[in-house]
Amino acid sequence: MKTRQNTNQNASSSCLHVVPIFQHLTEEELKQVQKISKSKKFSKGSHVYQAGNETDKLFVVNSGQIKISRISEKGDEQVIRVLGPGDFLGELSLFSNLPMNDYAEATENTVVCMVEGSGLKNIMKDNPTIAFKILEELSKRLENVDKRVEEIRHQSTKWRLAQMLLNLSKGEKTIRLPISKGMLASQMGMNNATLSRNLTYFEELGLISQNGQREITIHNHDGLREIE
């Protein structure tokens with residue numbers, strides 16, 4: 001039992017050190033947050049939470065990957081974002097008692113640190129910077145959502161894919177997709193068939209080549225920038 005407790009504390013500690021909203025805290029303050037935190041493992045395909053669930057915890061990804069999505073009235077899944085180590089979710093529960101409105105699913109074996117909401121609120125009273133940093137992150141997420149909605153409304157699927165590849169490449173020639181093509185398509189507001197068709201089109205133009213399921217080589221960055 002003691003070994004398991006120590007393991008949980010070590011996992012929580014590593015979580016807190018990598019998440020940006022806690023990086024300004026002193027070691028003593030981090031220990032206070034660690035006392036109200038515990039780690040939990042989620043196997044691939046399991047849910048951290050589902051729409052309609054009520055929770056009072058802040059979830060921090062220690063290792064692995066979590067997909068945040070919503071289901072449309074037609075039953076289609078829309079991937080909102082994909083989170084990796086150091087990212088957090090469930091933050092709205094700190095400011096509202098409303099149930100969750102999205103789904104958080106582990107897309108691979110994942111370890112999450114769960115921070116007790118009521119305890120964290122008490123700590124935020126003495127360290128309001130935590131709250132400001134959470135709100136700052138929320139503002140960035142809202143800005144990204146607004147930008148994506150505008151792109152889906154006004155830009156072609158080819159343009160969206162070209163921009164996504166350019167952003168992922170960061171100027172490099174070869175990139176490895178951080179998520180599956182299915183999730184990538186959903187994030188860009190298109191289906192798998194459209195994504196596949198556009199990738200093939202880019203290959204025919206000599207702009208890219210696909211190497212397996214996740215690796216893509218970009219042969220012409222400028223050509224991708226010219227896609228409309």
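Just the heavy atoms: all of them, side chains too, but no hydrogens, waters or symmetry mates, feed the values below. FYI, the numbering just counts along the sequence from 1. As the structure is a prediction and not an experimental result, all values here were calculated from the model.
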Visitor: Is any side-chain heavy atom of I68 less than 4.5 Å from a side-chain heavy atom of V82?
Guide: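 I68 does not reach V82 side chain to side chain.
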Visitor: What are the two closest non-hydrogen atoms of G64 and P85, and how far apart are they?
Guide: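 Scanning both residues, the minimum pair turns out to be O-CD, 3.5 Å.
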Visitor: Do the side chain of H221 and the main chain of E172 share a donor and acceptor less than 3.5 angstrom apart?
Guide: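 Looks like yes, one N/O pair under 3.5 Å.
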Visitor: So do the side chains of I130 and I123 get within less than 4.5 Å of each other, counting heavy atoms only?
Guide: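 SC-SC contact between I130 and I123 confirmed.
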Visitor: So, do V115 and K57 sit near enough that their side-chain heavy atoms are less than 4.5 Å apart?
Guide: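 Result no, sub-4.5 Å side-chain heavy-atom pair not found.
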Visitor: In terms of side-chain heavy atoms, does T217 have a donor or acceptor partner in N211 at a distance below 3.5 Å?
Guide: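 Their side chains do contain a donor-acceptor pair, which is all the 3.5 Å distance test asks for.
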Visitor: Counting distance only, does the side-chain N/O of S96 pair as donor-acceptor with the main-chain N or O of L92 below 3.5 Å?
Guide: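 Between the backbone of L92 and the side chain of S96 there is no qualifying donor-acceptor contact (under 3.5 Å).
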Visitor: Are any non-hydrogen side-chain atoms of K41 and N109 less than 4.5 angstrom apart?
Guide: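 No, too far: nothing below the 4.5 Å cut-off.
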Visitor: Consider only side-chain heavy atoms of I, L, V, M, F, W and Y, link residues closer than 4.5 Å, and tell whether M183 and L83 are in one cluster.
Guide: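 No: no chain of side-chain contacts under 4.5 Å links M183 to L83.
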Visitor: Flag yes if more than 12 heavy atoms outside D222 fall under 6.0 Å of its CG atom; otherwise flag no.
Guide: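 Counting neighbours around CG of D222, more than 12 heavy atoms of other residues, nucleotides or ligands fall under 6.0 Å, so yes.
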Visitor: Answer yes or no: is there a donor N or O on one side and an acceptor on the other, between the side chain of S39 and the main chain of C113, under 3.5 Å?
Guide: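 Judged by distance alone, no pair lies under 3.5 Å.
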Visitor: Less than 3.5 Å apart, any donor N or O on the side chain of T157 or N198 sitting next to an acceptor on the other?
Guide: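 There is such a pair between these side chains.
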Visitor: Does W159 belong to the same Ile/Leu/Val/Met/Phe/Trp/Tyr cluster as L199, with side-chain heavy atoms less than 4.5 Å apart forming each link?
Guide: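 Result: no, two separate clusters.
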Visitor: Is K67 paired with E77 through a side-chain N to carboxylate O contact shorter than 4.0 Å?
Guide: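 A salt bridge is present here (some side-chain N lies under 4.0 Å from a carboxylate O).
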Visitor: Take atom NZ in K121; do more than 12 heavy atoms of anything else shown fall under 6.0 Å from it?
Guide: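 More than 12 within 6.0 Å, yes.
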Visitor: Is there a continuous path of hydrophobic side-chain contacts, each under 4.5 Å between heavy atoms, that joins F132 to V60?
Guide: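 F132 and V60: separate clusters.
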Visitor: Do I227 and L207 have side-chain heavy atoms sitting under 4.5 Å apart?
Guide: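 They are in side-chain contact.
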Visitor: Is E204 close to T200 at the side-chain level, that is, under 4.5 Å between some pair of heavy atoms?
Guide: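 A side-chain contact exists here, since the closest heavy-atom pair is under 4.5 Å.
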Visitor: Minimum heavy-atom separation for D102 to S69, with atom names?
Guide: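 Minimum heavy-atom contact is CB-O, 3.2 Å.
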Visitor: Tell me, do Y49 and H47 make a side-chain contact under 4.5 Å, heavy atoms counted?
Guide: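 Of all side-chain heavy-atom pairs linking H47 with Y49, none is under 4.5 Å.
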Visitor: Can you find a heavy atom in the side chain of M188 that is under 4.5 Å from one in the side chain of M164?
Guide: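 SC-SC contact between M188 and M164 confirmed.
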Visitor: For the side chain of T110 and the backbone of A106, is there at least one donor-acceptor N/O pair under 3.5 Å apart?
Guide: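 Not at all, since once roles are kept as given, no pair shorter than 3.5 Å links the two residues.
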Visitor: Counting distance only, does the side-chain N/O of R160 pair as donor-acceptor with the main-chain N or O of Q155 below 3.5 Å?
Guide: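 Checked: pair present.
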Visitor: Between Q65 (side chain) and P178 (backbone), is there a donor-acceptor pair under 3.5 Å?
Guide: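 Checked: pair present.
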Visitor: Pairing donors with acceptors under 3.5 angstrom, does anything connect the side chains of Q210 and K181?
Guide: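 Yes, because at least one side-chain N or O of Q210 sits under 3.5 Å from a partner of the opposite role on K181.
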Visitor: Where do Y103 and I71 come nearest, in terms of heavy atoms and distance?
Guide: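 Answer, listing the atom of Y103 first, then I71: CE1-CG1, 3.7 Å.
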Visitor: Given 3.5 Å as the limit, does a donor-acceptor pair link the side chain of N127 with the main chain of M124, or not?
Guide: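 No, N127 side chain to M124 backbone: no donor-acceptor pair under 3.5 Å.
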